[in-house]
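As the structure is a prediction and not an experimental result, all values here were calculated from the model.
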Amino acid sequence: MRLPNRRAARFVLMAGLRPVGALAAALLVALSVLGVGMTPAPGAAAPAIMPSHAIAVGMTGVGKTVIIGTSVVPFNVRVLGILHNAGPAGDLVLFRASGPAIHSVGGIAAGMSGSPIYLQGKLAGALSYTFQASDPTVGLFTPIEDMLRVLPGSAQSGPAAPRVYALAPMRVGGRTVRRVVVAAASARAARRPSRDTLVAVPAETPLFVSGMSGAGLQALTSVLAPMGLTPVAGGSEANIPASLPLEPGSAIGVALLKGDIAAYAIGTMTYRDGNRMLAFGHPFTGIGPASYLLMNAKIFQVVQGQQQNIKIGAVGAPVGIVSQDRPAGIGGTIGVMPRMFGVHVHVTDADSGAGHDYNFQVIPSTEIAPVVVPVGSRGAIERALNRSGQGTATVRMTLYGRGLPTPVVRENMFYGSSGIAGRALAELPQAMSLLFDNDFKDVGPTSIDLDVRVTSAQQTASIVEAKGPHDPVVPGDTVHVRVTVRPFRSAPQTQNVALTIPANAVAGPATLLIRAGGGATLGGAGGTPPGLRNAGPSTLADAIKAFENGDKNTDVVVELMGGLPPRTDSAGAAAARPSAQWTTPWVVRGRVQLPIVIAKGGTH
């Protein structure tokens with residue numbers, strides 16, 4: 001379910017939490033012997049549905065969930081109130097959970113999201129919300145009628161506005177409650193509510209992450225926070241056969257990343273009709289049409305916390321696709337696998353000679369892949385180096401897509417006085433933009449290879465001097481600029497760079513700008529978007545050329561500033577400035593300006 005408190009997810013694995021697996025295990029044995037909690041065989045016809053208007057206060061029924069392992073067990077449910085049009089997709093139902101299963105784990109827990117609720121033998125909805133700092137046995141469920149619109153091929157509905165609801169006075173958590181406030185999906189309570197008010201505020205969904213350092217986890221937290229997700233260290237994969245039956249109440253995993261770097265949420269399946277399924281009872285990221293990887297899962301134990309209980313578990317085998325992520329829940333298809341975007345990171349530690357390979361897959365969403373691939377790749381580099389301090393990185397990126405004529409390749413060098421793992425990937429966002437969000441064509445992105453070679457040595461050089469012509473230059477002439485750079489703790493090096501003055505240059509003063517390519521600065525990441533200093537690309541081929549051939553951090557660029565007629569090219573963009581380059585073996589910094597005079601053609 002959605003956790004109304006960020007701390008509950010973030011600190012779930014820290015001190016002060018009490019495992020309750022032993023009691024839960026004993027309960028499961030007893031329930032198994034008694035034969036309770038059985039559900040129809042997977043793939044059977046859809047269950048009978050209780051319409052929202054038939055749900056009434058005082059009704060009792062059962063919910064189903066997994067407390068430990070993969071076995072579905074029941075718990076008792078009693079309806080306390082109906083909150084009409086309260087949720088992001090319609091009504092919400094206030095209920096109290098009880099029985100041995102709930103007692104064994106201390107109340108409702110994160111990870112029970114989607115647990116089906118049955119009233120009078122009919123499926124009524126899915127457990128979806130709990131309340132902060134209140135009775136852990138009281139929650140809200142989303143009516144199944146609203147969730148059915150999430151099924152692939154069904155009509156979708158928009159969110160409803162939050163409201164305040166009056167209730168008949170009831171005792172909850174040692175106090176008398178008369179009102180319930182259900183806030184908007186990503187809102188927070190503006191002020192502390194009165195003692196007679198319960199506030200349900202959907203908050204970040206805990207996302208279990210493995211394969212990342214603390215810094216990587218922090219970076220992932222920052223990029224996923226706008227989607228309402230809170231990464232939590234401790235994710236793992238278990239050896240669960242794909243043939244494990246999935247039924248309402250089964251634990252499931254929804255993965256954003258899978259492989260050496262993994263990130264997934266654990267919830268509960270609500271509904272199954274053949275191979276179509278529903279889960280969660282609330283949005284995951286809320287992006288609408290989705291392509292998440294659906295996996296089976298098992299629960300190790302439920303851990304109790306001061307703010308919120310949480311299920312700790314592991315995902316197993318891929319079993320299908322989650323294709324809808326809507327306000328009332330998520331929906332998808334079992335047996336149909338999503339396309340995944342592959343990432344291969346090869347890291348060579350030049351100091352030790354050791355090489356490491358990491359592979360992970362990401363859902364190919366334009367909202368998610370561009371933000372999580374850089375973070376996952378950074379995590380792979382940090383794992384390989386076992387550090388993230390000073391260094392120089394040589395990076396080769398190869399981009400693949402079904403709509404690309406050939407693989408796209410970009411090479412560059414980066415230096416960082418700290419955090420070299422992150423600085424090495426300074427141009428990765430541009431690569432992801434080209435693959436997922438270019439202005440010209442869906443290239444059907446399939447994968448990216450990152451070959452990263454890192455040394456702790458500082459391979460940098462500073463531009464210290466430039467000498468150009470003293471006499472006026474004539475349009476069409478070739479100007480020779482003598483550039484001197486000083487490599488870090490080494491003798492200066494000098495090179496002549498030849499630049500041709502355009503034949504249509506305008507007579508008068510102009511400037512030769514001698515600068516570092518790529519916008520690198522000492523201690524910075526470098527990586528100004530390659531090729532974007534002049535006119536922007538007008539075709540996909542232009543964008544690819546600009547990405548592959550744009551000036552690099554190792555370049556000394558000599559550029560003519562001014563001296564050109566005020567015209568544009570056929571596309572209406574400013575004409576590219578004349579330039580020439582000297583490619584060095586160092587990450588270059590600095591700039592020098594030389595004034596020149598352009599004479600009229602044919603004169604000096």
Side-chain angles (χ1 to χ4, degrees), residues 1-6 8-9 12 63-67 72-73 75 77 87-89 92-95 97 101-102 105 107-118 123-132 136-144 146-147 150 182 185-186 200-208 227-230 232 246-256 263-272 277-286 290 292 294-299 302-303 305 307-313 315 322 324-332:
M1 79 222 35
R2 305 289 272 179
L3 294 175
N5 187 288
R6 177 191 295 256
V12 63
K64 295 179 180 180
T65 197
V66 174
I67 299 298
V72 177
V73 297
F75 57 90
V77 170
L92 291 173
V93 180
L94 184 69
F95 73 96
I102 294 296
V105 296
I108 298 169
M112 288 185 183
S113 291
S115 296
I117 306 295
Y118 298 86
L123 180 60
L127 188 157
S128 50
Y129 292 79
T130 58
F131 296 99
Q132 178 181 358
T137 66
V138 175
L140 298 171
F141 74 76
T142 301
I144 190 63
D146 294 326
M147 293 185 66
V150 178
V182 181
S186 59
V201 183
E204 293 84 354
T205 299
L207 191 73
F208 295 100
M227 300 178 192
L229 301 177
T230 300
V232 179
L246 288 179
E247 59 187 274
S250 292
I252 59 168
V254 179
L256 300 182
Y264 61 85
I266 286 182
T268 304
M269 181 178 291
T270 305
Y271 170 96
R272 182 168 180 179
M277 55 75 62
L278 294 170
F280 280 26
H282 58 68
F284 181 36
T285 68
Y292 308 137
L294 177 66
M295 308 177 77
N296 57 25
K298 69 184 299 183
I299 305 303
V302 177
V303 175
Q307 297 291 335
Q308 176 72 55
N309 303 330
I310 188 169
K311 285 184 178 182
I312 304 297
V315 293
V322 173
Q324 294 292 331
D325 185 357
R326 302 287 179 172
I330 62 173

What distance do R326 atom CZ and D146 atom CG have between them, rounded to the nearest 0.5 Å?
14.0 Å
For I330 and L294, run side chain to side chain contact (heavy atoms under 4.5 Å, CB included): C-alpha distance rounded to whole Å, both residues' side-chain angles, the deciding distance at 0.1 Å, then the answer.
CA-CA 11 Å; I330 62 173; L294 177 66; over 6 Å; no
Sequence neighbours left out, what passes side-chain contact (heavy atoms from CB on, under 4.5 Å) with V315? Give chain and number order.
E237, Y264, M295
Drop me the distance from Y129's OH to L140's CG, to the nearest 0.5 angstrom.
8.0 Å
For V77, side-chain contact (heavy atoms from CB on, under 4.5 Å) partners two or more places apart
F75, F95, I117
What residues, two or more places apart in sequence or in another chain, satisfy side-chain contact (heavy atoms from CB on, under 4.5 Å) together with A263?
L207, V209, L257
For P327 and P283, which heavy atoms make the closest approach, and how far apart are they?
O-CD, 3.1 Å
Got a donor-acceptor contact below 3.5 angstrom from the T130 side chain to the G139 backbone?
no
M112 and I102: which non-hydrogen atoms are nearest, and at how many Å?
CE-CD1, 4.3 Å
Mutual orientation of the aromatic rings belonging to H282 and F280 [parallel < 30°, tilted 30-60°, perpendicular > 60°]:
tilted
Under 3.5 Å, is there a donor-acceptor pair between the side chain of T268 and the main chain of G111?
yes
Between atom CD1 of I299 and atom NZ of K311, what is the distance when rounded to the nearest 0.5 Å?
5.0 Å
side-chain contact (heavy atoms from CB on, under 4.5 Å) partners for A297, two or more places apart
A251
Closest approach of A124 to F141 (non-hydrogen atoms, all atoms of both residues)
O-CE1, 3.7 Å
Tell me the closest heavy-atom pair linking A126 and G281, and the distance in Å.
CB-CA, 4.2 Å
S115: what forms a side-chain hydrogen bond (donor to acceptor under 3.5 Å, both in side chains) with it, not counting sequence neighbours?
T65
Sequence neighbours left out, what passes side-chain hydrogen bond (donor to acceptor under 3.5 Å, both in side chains) with D325? Give chain and number order.
T285, Y292
Specify the closest pair of heavy atoms between A279 and I252, including all atoms of both residues, with the distance to one decimal.
CB-CD1, 3.5 Å
With rounding to the nearest 0.5 Å, note down the distance linking CD1 in I144 to OH in Y271.
7.0 Å
I need the minimum non-hydrogen distance between L92 and T142, along with the two atoms involved.
CD2-OG1, 3.7 Å
Start with the C-alpha gap between L123 and M147, add the side-chain angles, then the distance that decides, and say whether side chain to side chain contact (heavy atoms under 4.5 Å, CB included) holds.
CA-CA 11 Å; L123 180 60; M147 293 185 66; over 6 Å; no
